[in-house]
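Since the structure comes first, as structure tokens, the remarks are kept for the end.
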Amino acid sequence: MKVRLRFAPSPTGGLHLGGVRTVLYNYLFARQNDGDFVLRIEDTDQSRYVPGAEEYIIESLRWAGLEPDEGPHKPGKYGPYRQSERKAQGLYQKYAQQLLDQGNAYYAFDTPEELETMREKFKTAENPSPQYNHILRHRMRNSLHLDQDETKRLLEAGTPYVIRIRMEPGQTVQFTDMIRGEVTFQTDGVDDKVLLKADGMPTYHLAVVVDDFLMEISHAFRGEEWLPSAPVHILLWRYLFGEDKMPQWAHLPLILKPDGNGKLSKRDGDRLGFPVFSMNWTDPRTGEPATGFRETGFLPEAFVNLLAMLGWNDGTGQELFTLDELIEKFSMERVHKGGAKFDFEKAKWFNHEWIKKLPAAAYRHNVAELFAAQGIPTDDAPGAGATHGKFERVLELVKERCHLLPDFIQQAGFFFQAPTTIDTAAVKPKWNDAKNQFFAELVRQLQLAETWDAHTLENNFKEMAAAATIKPGDLLMPLRVMLVGGKFGPHVFDIVEILGREETIHRIKSALKLIND
RNA sequence: GCCGCGUUGGUCAAUCGGUUAAGACGCCUCCCUUUCACGGAGGAAUGAGGGGUUCGAUUCCCCUACGCGGUACCA
């Protein structure tokens, strides 16, 4: 049987990094086993529909390099890939009816208000959240309690109803989780979950089982928050298709907030100053913005790499992996059971490593866009074939000091635009007439220099310093500040070389004016 | 409350009964570097608690504690 996995998000907003990691593990397992990776949109809750969210998810996966083989944007033979469209074909209704016929499900006519009343009425200190289950269902308005004629009358009168699973008490439901091993539940503790809502839409519980069956899903990986409802899904498989056809389950550990405990949420990111979503996302209804890893300046290679390591490792201590290496080495057996706290510092370290590792050509267009947004001119025109242009050379020169893509603005911007302010405070205290004369002489020498490369430029500079009996060290920092505006940047003479004669002289002259002011 | 799942340094984590309990991030010290960074050397820092099983438990079992997840006509 072919290996087929699916990622089934609900299009309700930005894609959380935990979601991307679920995608990643799905993707890796599928690729590793020559299987298919399917994107299925779980839009069964019309009240939560958010325009643009589906496109956002698809774009996020594209950016991360985790492209599905099938999905709403890439129809295959198991379509449609949106549950709202599948519902329109009557797919779920049919199976709900089968459950009804078999006695595994029943009609329930309780209104939301009645349910609320029930919960209030039976709430005790012992049991703060009463369930609609084998104990209480006979006190509610459903086809198990009402007599046949009454049920028939209500149905014919068009009374709104839901279909609930009939949980048989006293049973043990067991399954093998790929990560956790044997997991056991007693049906007594599971309530009669709604399978088909009053609007005719299936709930997740029915939809996931029916769709996994119809789409021939062989392995179902999902977040740990789904573990408590696993018995419902297993029973549904048993009633509908047979447990032998059921996919293998794996419940992934959660990604936790860095401080304290609990699931990492967008709120935590806002509070602590780091992204939680894959890309920027603005809620179309509230207008509330959220930043993404992409826009924060993460490379997709780094994003995928750091996500992979949040809950898995290959046991060798290796931490840097390409997607291909991950496909080769990933194994569900080595996925952890416990959740991992997200550490943004470590995330930045991964990105730094990837910025260093990849040739600047891999991300120069992204950086060029950042520069353009700052109004800094570069020689990097999109589509320009200048692979060894100044821009790329500069990026190579400074990349080891950039953790995030926007760091290039500070580290490389001065190569293309003279600093607007100069840190004169860094040189003024030790400034004197001898230095003034030295730099005046330096300008003259630079004008005459026959060769313009970092090495000879540096040697000449040092000879001049010796002649002027000034320690080179006392001259290097002023030169640096004149050229870049502050105490940062790569080796000074690499800067001089790239800046060129005209620009170097120009910057020294104008800086001299400011310093002597 | 009930059900389920977890628990090795501040964080990510290796170990599949016997180790001086790896490695990485971060932090600190030093070297390199006449800035920063990279690179290199070193340092501080870990098995929640209690019972078993065993010649021997971080590792296997039980209990407790703690944490998390679920307990919706949301996924």
Side-chain angles (χ1 to χ4, degrees), chain A residues 8-12 42-45 47-48 108 110-112 115-116 119 123-133 160-164 177 179-180 183-186 188-191 193-205 207-208 222-231 251 253-254 256 258-263 306 309-320 334 336-350 352 356 398-403 410-411 426 462 465 471-477 479-481 484 486-492:
Chain A
S10 168
T12 51
E42 306 245 347
D43 56 349
T44 53
D45 188 353
S47 66
R48 297 219 304 169
D110 318 274
T111 63
L115 290 173
E116 186 52 38
R119 291 197 181 96
K123 184 150 87 176
T124 61
E126 296 279 270
N127 183 9
S129 24
Q131 296 183 312
Y132 200 119
N133 60 11
Y161 65 86
V162 301
I163 294 176
R164 288 180 180 270
D177 185 281
I179 295 171
R180 289 150 213 283
V183 182
T184 307
F185 295 88
Q186 299 303 322
D188 300 62
V190 184
D191 60 340
K193 288 264 180 267
V194 170
L195 264 20
L196 207 68
K197 302 188 243 187
D199 64 2
M201 280 288 205
T203 60
Y204 174 85
H205 306 296
V208 73
R222 70 214 316 194
E224 187 184 347
E225 66 269 29
W226 288 110
L227 202 44
S229 49
H251 291 88
L254 266 18
L256 279 14
D259 55 341
N261 293 297
K263 265 201 287 193
L306 75 92
M309 301 309 289
L310 227 44
W312 173 86
N313 70 77
D314 75 344
T316 68
Q318 181 180 345
E319 292 192 279
L320 264 18
R334 294 196 62 90
H336 299 148
K337 297 181 176 76
K341 290 185 181 178
F342 180 68
D343 180 0
F344 189 56
E345 290 305 316
K346 183 90 186 218
K348 282 196 292 193
W349 174 80
F350 274 106
H352 186 200
K356 285 189 292 179
V398 306
K399 68 182 188 182
E400 68 198 23
R401 54 204 88 201
C402 298
H403 284 73
Q410 153 87 315
Q411 295 297 333
K462 285 182 175 169
K471 279 185 287 185
D474 294 341
L475 265 6
L476 249 16
M477 183 52 81
L479 210 215
R480 167 180 300 283
V481 173
V484 316
K487 296 189 281 188
F488 60 89
H491 289 290
V492 195

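Convention: sequence-line order gives letters A, B, ...; per-chain numbering from 1. Excluded from the calculations below are hydrogen atoms, water molecules and symmetry mates; all remaining heavy atoms, backbone and side chain alike, are included.
Separation of the P atoms belonging to B:A22 and B:C5 is 32 Å when rounded to the nearest angstrom. Taking the C1' atom of each, B:U54 and B:A48 are spaced 23 Å apart, rounded to whole Å. With both ends at atom C1', the span from B:G70 to B:G47 equals 29 Å, rounded to whole Å. With both ends at atom P, the span from B:C16 to B:A75 equals 44 Å, rounded to whole Å. Across B:A13 and B:U59, the matching C1' atoms stand 16 Å from one another, rounded to whole Å. Rounded to whole Å, the P atom of B:G51 lies 26 Å from the corresponding atom of B:A45. Comparing B:C68 with B:C60, their C1' atoms sit 25 Å apart, to the nearest whole Å. With both ends at atom C1', the span from B:G52 to B:G69 equals 30 Å, rounded to whole Å.
Residues passing the side chain to side chain contact (heavy atoms under 4.5 Å, CB included) test with A:Ala340 are A:Leu310, sequence neighbours excluded. Residues forming a salt bridge (charged side-chain N to carboxylate O under 4.0 Å, His left out) with A:Lys263 (at least two apart in sequence, or on another chain): none. Every residue was checked against the salt bridge (charged side-chain N to carboxylate O under 4.0 Å, His left out) condition with A:Asp343, not counting sequence neighbours, and none meets it.
Pairs of Watson-Crick or G-U wobble type, with distances under 3.5 Å, assemble into runs of 3 or more in RNA chain B at these ranges: B:1-7 with B:65-71, B:10-12 with B:23-25, B:27-31 with B:39-43, B:48-52 with B:60-64.
Remark: the backbone N or O of A:His251 is paired with a side-chain donor or acceptor of A:Asp177 at under 3.5 angstrom. The main-chain N or O of A:Arg48 is never found under 3.5 Å from a side-chain atom of A:Thr12 such that the two would form a donor-acceptor pair.
Pairing each heavy atom of A:Leu115 with each of A:Asp110, the nearest pair is CD2-CB, 4.0 Å. Between A:Leu227 and A:Phe185, the closest heavy-atom pair is O-CZ, 3.4 Å. Nearest heavy atoms, A:Arg180 versus A:Pro253: NH2-N, 3.7 Å.
Looking at heavy-atom distances under 4.0 Å, A:Pro490 makes contact with a base. The residue A:Asp474 sits apart from the nucleic acid: no heavy atom pair falls under 4.0 Å. Nucleic acid contact class of A:Leu254 (heavy atoms, under 4.0 Å, all strands): sugar-phosphate only.
Separating the CG atom of A:Asn133 from the P atom of B:A72 is a distance of 11 Å, rounded to the nearest angstrom. If you measure from atom CD of A:Glu225 to atom P of B:A72, you get 16 Å, rounded to the nearest angstrom. Rounding to whole angstrom units, CZ of residue A:Arg222 and C1' of B:G69 are separated by 13 Å. Rounded to whole Å, the distance from CH2 on A:Trp226 to P on B:G70 is 10 Å. When rounded to the nearest whole Å, the span between CG of A:Asp199 and C1' of B:C74 equals 13 Å. For the pair A:Glu345 CD and B:G26 C1', the interatomic distance rounds to 7 Å; values are reported in whole Å. Atom CG in A:Leu195 sits roughly 15 Å away from atom C1' in B:C74 (whole-Å rounding). Note: NZ (A:Lys356) to C1' (B:C25) measures 13 Å, nearest angstrom.
At least one side-chain nitrogen or oxygen of A:Lys197 sits closer than 4.0 Å to the OP1 or OP2 atom of B:C74. Under 4.0 angstrom from either OP1 or OP2 of B:A75 there lies at least one side-chain N or O belonging to A:Thr44. The side chain of A:Arg48 contributes no N or O atom lying less than 4.0 Å from OP1 or OP2 of B:A75.
In terms of position along RNA chain B, the nucleotide closest to A:Glu126 lies nearer the 5' end than the nucleotide closest to the other residue of the pair A:Leu196 and A:Glu126. Between A:Arg119 and A:His352, the residue whose closest nucleotide on RNA chain B is further toward the 5' end is A:His352.
Between A:Phe342 and A:Leu306 there is a side-chain heavy-atom pair separated by less than 4.5 Å. Looking at A:Asn313 and A:Met309, their side chains come closer than 4.5 Å, going by heavy atoms from C-beta outward. The shortest side-chain heavy-atom distance between A:Arg164 and A:Lys193 does not fall under the 4.5 Å cut-off.
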**OP:** Between protein and nucleotides 10-16 of chain B, map the contacts as a letter string: B base, S sugar-phosphate only, - none, heavy atoms under 4.0 Å, written 5' to 3'.
**Re:** -SSSSS-
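Between A:His205 and A:Trp226, the two ring planes are perpendicular [angle over 60°; tilted spans 30° to 60°].
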Distances for protein N/O vs nucleotides 3-5 of chain B N/O pairs under 3.5 angstrom?
from: B:C5; atom 1: O2'; to: A:Arg180; atom 2: NH1; distance (Å): 2.5
from: B:C5; atom 1: O2'; to: A:Glu224; atom 2: OE2; distance (Å): 3.3

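A distance of 10.0 Å separates NE2 in A:His352 from NZ in A:Lys399, rounded to the nearest 0.5 Å.
With B:U35, B:A75, B:G69 as the choices, the nucleotide that has an atom nearest any side-chain atom of A:Tyr204 turns out to be B:A75.
By the 6.0 Å contact criterion, NZ on A:Lys197 is enclosed, its count of non-hydrogen atoms from other residues, nucleotides or ligands being greater than 12.
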